[in-house]
Amino acid sequence: MTSIPNSEGLNRERWVVGATLAAVVALCWGWIAPMALDMYGPMTGWSTWMMRQTWDFPHKALLFAMWAVMMVGMMLPSAIPAIYLFASTARRNAGNESVLTRVLTFAAGYLAVWTAFSLVATLLQLRLTEASILSPMMELRSRCAGGALVLLVGVYQLTPWKRKCLACCQCPVDRTGGFQSGLRNGLSCLGCCWALMLLLFVGGVMNLWWISALTVFVALEKLTGQWSQGTRLSGGLLLAAGAWILCSGTLA
């Protein structure tokens with residue numbers, strides 16, 4: 001008779017975690033999508049604040065918020081399998097602390113890493129903008145720079161470090177508290193995906209289709225990560241794309 005409440009409690013926790021994560025992702029895309037559509041449209045609504053020659057502190061803070069929200073919206077969906085795996089481990093090792101609390105703090109630790117990455121990306125974008133390397137549409141002006149960046153990402157996809165980080169971010173280990181485990185998982189994920197996120201500067205930081213494509217690619221890469229040839233295939237395709245960009249002048 002005691003297994004029924006336990007089963008009901010497990011299902012309730014899964015629903016609460018799933019609903020919370022879905023709500024966070026929906027809120028993020030609810031801000032990013034209208035802003036991206038406006039930027040590639042009339043530029044009179046959600047993206048107006050980005051049309052600036054100089055950046056004061058409030059607008060730099062908004063730019064950081066944009067990056068942070070975008071990273072959460074892009075990366076959290078791909079982390080859901082790892083979050084549920086951590087939840088299963090946490091339930092087996094549950095002490096006085098609530099399993100739900102540990103799972104949510106794990107997610108918070110994971111997102112803290114990508115928030116830190118967002119700060120670095122914000123500073124990089126500001127520097128590139130000041131140097132006139134980025135266009136007003138937040139994409140690289142130089143064909144050579146764009147092609148070289150795609151080639152760099154392609155090379156990184158082929159490295160053992162990439163495959164090791166991918167394997168680690170798929171299998172969180174509950175050895176410490178939820179937040180620390182989330183930090184470790186986030187760092188593994190960062191090691192896996194940092195180069196892919198730099199491709200935003202190639203296709204356009206606020207290009208909605210490019211953002212969506214990278215989000216789907218990252219999710220598929222993590223879901224199919226046990227297929228050892230996956231990163232080699234994507235790396236080869238990126239190398240070919242980089243060479244094509246350099247030769248065709250697509251970004252010129």
Side-chain angles (χ1 to χ4, degrees), residues 21-79 110-150 152-153 186 189-190 193-219 238 241-242 245 249-252:
L21 297 178
V24 171
V25 172
L27 286 172
C28 291
W29 282 91
W31 186 41
I32 292 298
M35 188 161 43
L37 291 172
D38 182 65
M39 187 170 183
Y40 283 83
M43 297 187 186
T44 57
W46 292 59
S47 67
T48 306
W49 64 272
M50 289 186 285
M51 304 296 106
R52 306 187 61 79
Q53 296 295 326
T54 59
W55 291 81
D56 55 18
F57 180 78
H59 287 87
K60 289 178 181 178
L62 271 174
L63 185 65
F64 167 67
M66 180 202 79
W67 268 100
V69 170
M70 183 164 62
M71 288 299 99
V72 174
M74 292 179 69
M75 299 308 302
L76 189 55
S78 68
Y110 175 87
L111 295 179
V113 173
W114 284 103
T115 301
F117 173 83
S118 300
L119 178 59
V120 175
T122 300
L123 296 175
L124 177 60
Q125 180 175 336
L126 290 171
R127 181 59 62 88
L128 293 175
T129 301
E130 291 171 359
S132 299
I133 296 175
L134 283 186
S135 72
M137 302 306 291
M138 298 185 181
E139 55 191 37
L140 290 171
R141 297 177 185 269
S142 168
R143 168 178 59 87
C144 291
L149 183 55
V150 175
L152 171 66
V153 178
C189 185
L190 179 62
C193 301
W194 67 270
L196 291 171
M197 294 301 103
L198 293 183
L199 291 177
L200 289 167
F201 291 112
V202 179
V205 172
M206 289 306 298
N207 184 324
L208 184 60
W209 303 112
W210 194 240
I211 296 171
S212 301
L214 283 174
T215 301
V216 172
F217 180 83
V218 168
L238 285 168
I245 290 172
T250 301
L251 300 181

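All residue numbers refer to positions in the sequence shown, counting from 1.
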Sequence neighbours excluded, every pair satisfying side-chain hydrogen bond (donor to acceptor under 3.5 Å, both in side chains) that has a member inside [range]:
| range | value |
| --- | --- |
| residues 23-37 | none |
| residues 34-43 | D38-S47 |
| residues 118-135 | W67-Q125 |

Minimum heavy-atom separation for [X] to [Y], with atom names?
| X | Y | value |
| --- | --- | --- |
| C193 | V218 | SG-CG1, 3.9 Å |
| A195 | V153 | O-CG2, 3.3 Å |
| E139 | G203 | OE1-O, 3.7 Å |
| L208 | A33 | CD1-CA, 4.0 Å |
| S142 | A145 | OG-N, 3.1 Å |
| F201 | A121 | CZ-O, 4.1 Å |

Is atom CH2 of W209 surrounded by more than 12 heavy atoms (other residues, nucleotides or ligands) closer than 6.0 Å? no
Working to the nearest 0.5 angstrom, can you tell me the gap between [X] [atom1] and [Y] [atom2]?
| X | Y | atom1 | atom2 | result |
| --- | --- | --- | --- | --- |
| T44 | M39 | OG1 | CE | 13.5 Å |
| L119 | L63 | CG | CG | 10.5 Å |
| L149 | I245 | CG | CD1 | 9.0 Å |
| H59 | L126 | NE2 | CG | 12.0 Å |

When you measure from the side chain of R141 to the backbone of I133, do you find a donor-acceptor pair of N or O atoms at a distance under 3.5 Å? no
Would you mind reporting whether [Y] and [X] have side-chain heavy atoms less than 4.5 Å apart?
| X | Y | value |
| --- | --- | --- |
| V72 | V25 | no |
| W210 | V205 | no |
| M71 | L200 | yes |

Between F64 and L123, does the side-chain contact (heavy atoms from CB on, under 4.5 Å) criterion hold? Intermediate values first, please. CA-CA 8 Å; F64 167 67; L123 296 175; over 6 Å; no
Before you tell me yes or no, could you show the steps for L198 and L124 under side-chain contact (heavy atoms from CB on, under 4.5 Å), namely the whole-Å CA-CA distance, both residues' side-chain angles and the distance that decides it to 0.1 Å? CA-CA 10 Å; L198 293 183; L124 177 60; 4.3 Å; yes
Result for side chain to side chain contact (heavy atoms under 4.5 Å, CB included) between M50 and one of M137, M35, M43 points to M35
Going by the angle between their ring planes, with limits at 30° and 60°, are W114 and F117 parallel, tilted or perpendicular? perpendicular
